[in-house]
There are 2 protein chains.
Amino acid sequence: MNKQNITIYDVARESKVSMATVSRVLNGNSNVRPATKNKVMNVINKMEYRPNAVARGLASKKTTTVGVIIPDVTDEYFASLARGIDDIASMYKYNIILANSDDDSSKQVKVLNNLLSKQVDGIIFMGNEINDKLRQEFKNSNVHIVLAGSVDEINSVPSVNIDYISAVKTETNKLINNGNKKIAFISGSLNQPINLDYRLVGYKKALQENNYVFDKSLVFSTNGNYQSSYNLVNSILSKNITAAVVTNDELAAGLLNGLTDLNIKVPDDFEIFTSNDTKISRLVRPQLSSITHPLYDVGAVAMRLLTKIMNNEDVDKKQILLNYDIVERQSTK
Amino acid sequence: MNKQNITIYDVARESKVSMATVSRVLNGNSNVRPATKNKVMNVINKMEYRPNAVARGLASKKTTTVGVIIPDVTDEYFASLARGIDDIASMYKYNIILANSDDDSSKQVKVLNNLLSKQVDGIIFMGNEINDKLRQEFKNSNVHIVLAGSVDEINSVPSVNIDYISAVKTETNKLINNGNKKIAFISGSLNQPINLDYRLVGYKKALQENNYVFDKSLVFSTNGNYQSSYNLVNSILSKNITAAVVTNDELAAGLLNGLTDLNIKVPDDFEIFTSNDTKISRLVRPQLSSITHPLYDVGAVAMRLLTKIMNNEDVDKKQILLNYDIVERQSTK
DNA sequence: CTGTTAGCGCATTCAG
DNA sequence: CTGAATGCGCTAACAG
């Protein structure tokens, strides 16, 4: 008999007990005499029996797998979240089905439904924009969903993030205190609430507190990649800007390199603050000052929250904000 | 009735056919009259019926999910492979269960068995070292396994890679042609066959062809991270080395920055070739010359190969080598 | 504490 | 071309 095909019946027969008893020891049910438990365990080990999780899932209506919807694993921001998610998931005996969505709305609902058909016990969603259609799908699906490092501006779903507003505000304040008069705000698409409704708001708040007038022409909305900010440099310099708050590290690296290539000295002639503290921020020269975004922890806490929710435990707060810090490296004075 | 709980029986009743017929239209079985097929399809759409993949898996013994064992999603090298894997997987209607192994041998067998219990139809394995224990587990598991961007020195498993020997040899030759007399080979652990049995061999071949004597003291085995090569710089310079072939981009970035911090000019005073052409190689200054490693394609082809194998199609070659190229950016003359 | 029994939702014979 | 019946491997009452 093939190792793959050993069933609970086989070990029951071999152990001279009923399959129900085997099932009990498998599931740690206490209602089984230690002696028979040992007997069964021995047979299980001897036969190298491995429970069929699919059958289990069908019978119990629990698959111990969660779906993870991610824009792109290749993006270090989300990959770091994913790593935190997987570590905690496996700690709680869950597997993750990972699905790339490219942040594309139609792909997102497609993979969501695919995940649901696989009967996942829960879903961790990562994405830069959540529209009504998606919210509706979330609601209609009867699985629990948690957002990781992603915001829903109306908080219709539990989520784990940092306080983006406050973080960006702090950075902007530092730049103001360093004497900069014109500070750019450079982000990925402003259609993304995380940029428009959080980070930009933090930027504006800092300006306001310091009696700076908000100047729309100092706000740069890009597609978020390295080249887009690299190409922005001339336009930025023409406006006598001397510092920038940037919302992702690739963007910041592009800006930095663009500046350097034009012989503008960072931080002497231009200061940069970035947002996610990924490896990139330490690889470039000068190294980038940044928010110390605890990406791994955001993923980990999101997954932990999901286990609680799936387990029907009480959770006091469904919108969790983790602590961040600011690290000043070489791109700021 | 809850959308999640609509079964094949419900649509059968509603369609006034048997569940067998519904099953047939679901599976594209041609033995069903177009008229009844339409009737059933309409009901399916109306009720928003979504087949339960778990039940399907139990009945058909196919789960349309494959396991993906990865050292660390956070590593851009493997993340790029994973992205290629997922894209092709979803193209063929498979989902991927992603499991991080940290390249740890005991974790690897643990997640392997976990994946097997989930009845995955196949496995893509990524890892820097495959030992006999693991090979044995591979053999005992009756699922098909394909290696992506990872080598088994005895080729006991189908795999997709590039020709590391030839690639490194080409790089080394260029460095030799540029007049360098002492060229370092800097890699992650030499316990990893990919470094010891492939890349180092390529390095040696180039030396030999040019009548250079191989000097063991020019070979640096590190733990593979940025800091480890950064810290190596003094030791390297003390040996009058003027160029290096580096086996991963983080390592190369560390070397580059270490050199730059000591005011050694790259490429004028020191040339660097790196291996994986990840974003990093373009973010640092000067940008790193590299093998143009088609990471996404390696993952994609590995997944495609797996689908063929799972489908019992004939595959002529089970050890696939993809084409690479060399791109000379700013770290070489 | 242990065994018997009935599904979980579907694919798949086997008849017709 | 369609339906009835069986079973995939396991969990979860229900009895005892």
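Just so we're clear, the structure is a prediction, and the values are computed from it rather than from any experiment. Order of the sequence lines fixes the chain letters, A, B, ..., with proteins taken first and strands second; residue numbering starts at 1 for each chain.
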Any side-chain N or O of [X] below 4.0 angstrom from OP1/OP2 of [N]?
| X | N | answer |
| --- | --- | --- |
| A:S23 | D:dC10 | no |
| A:Y9 | C:dT4 | no |
| A:K61 | D:dC10 | no |

Can you tell me the distance, in whole Å, between the [atom1] atom of [X] and the [atom2] atom of [N]?
| X | N | atom1 | atom2 | answer |
| --- | --- | --- | --- | --- |
| A:L26 | D:dA12 | CG | C1' | 14 Å |
| B:R56 | C:dC8 | CZ | P | 18 Å |
| B:M19 | D:dT6 | CE | P | 13 Å |
| A:R13 | D:dC10 | CZ | P | 13 Å |
| A:K16 | C:dT2 | NZ | P | 16 Å |
| B:N52 | C:dC8 | CG | C1' | 8 Å |
| B:Y49 | C:dG9 | OH | P | 10 Å |
| A:N27 | D:dA13 | CG | C1' | 14 Å |

Run the salt-bridge test on B:R83 and A:D102 with the 4.0 Å N-O cut-off and return the result as yes or no.
yes
With a 4.0 Å cut-off on N to O distance, would you call B:D132 and B:R135 a salt bridge?
yes
If a pair satisfies ring-ring contact (aromatic ring centres under 6.0 Å, His included) and one of its residues is in residues 99-131 of chain B, list it, with sequence neighbours excluded.
B:F125-B:F138
From C-beta outward on [X], which listed nucleotide comes closest to its side chain: [options]?
| X | options | value |
| --- | --- | --- |
| A:S18 | C:dG3, D:dA4, C:dC10 | C:dG3 |
| B:T36 | D:dT2, D:dT11, C:dA11 | D:dT2 |
| A:T7 | D:dC10, C:dC10, D:dT2 | D:dC10 |
| A:S60 | D:dA12, C:dT12, C:dG9 | D:dA12 |

Out of the candidates B:I44, B:N38, B:N42, only one should pair with B:V40 under the side-chain contact (heavy atoms from CB on, under 4.5 Å) rule; please name it.
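Exactly one option meets the side-chain contact (heavy atoms from CB on, under 4.5 Å) with B:V40, and it is B:I44.
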Can you name the one residue among B:L112, B:I145, B:L134 that meets side-chain contact (heavy atoms from CB on, under 4.5 Å) with B:I69?
B:L112
Heavy-atom nearest nucleotide on DNA chain C for B:I8 versus A:A20: which residue maps closer to 5'?
A:A20
If you assign each of B:R24 and B:V54 to its closest nucleotide in DNA chain C, which residue comes earlier from the 5' end?
B:V54
Are there more than 12 heavy atoms of other residues, nucleotides or ligands under 6.0 Å from atom NZ of A:K39?
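Correct, the count exceeds 12.
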Please list all pairs passing the salt bridge (charged side-chain N to carboxylate O under 4.0 Å, His left out) test where one or both residues lie in residues 294-315 of chain A, with sequence neighbours left out.
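Sorted result for residues 294-315 of chain A: empty, none.
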What bend angle does the helix from C:dC1-D:dG16 to C:dG16-D:dC1 show across its length, from five-pair end axes and to the nearest 10 degrees?
40°
Report the residue (B:L58 or B:R33) whose heavy-atom-nearest nucleotide on DNA chain D is the more 5′ of the two.
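Looking at the nearest nucleotide for each, B:R33 comes out on the 5' side.
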Nearest heavy atom decides the nucleotide; on that basis, is B:A59 or B:V17 closer to the 5' end of DNA chain D?
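With B:A59 and B:V17 compared, the 5'-side residue is B:V17.
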Side chains of A:S156 and A:K139: donor-acceptor distance under 3.5 Å anywhere?
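Not at all, the side chains of A:S156 and A:K139 share no donor-acceptor pair under 3.5 Å.
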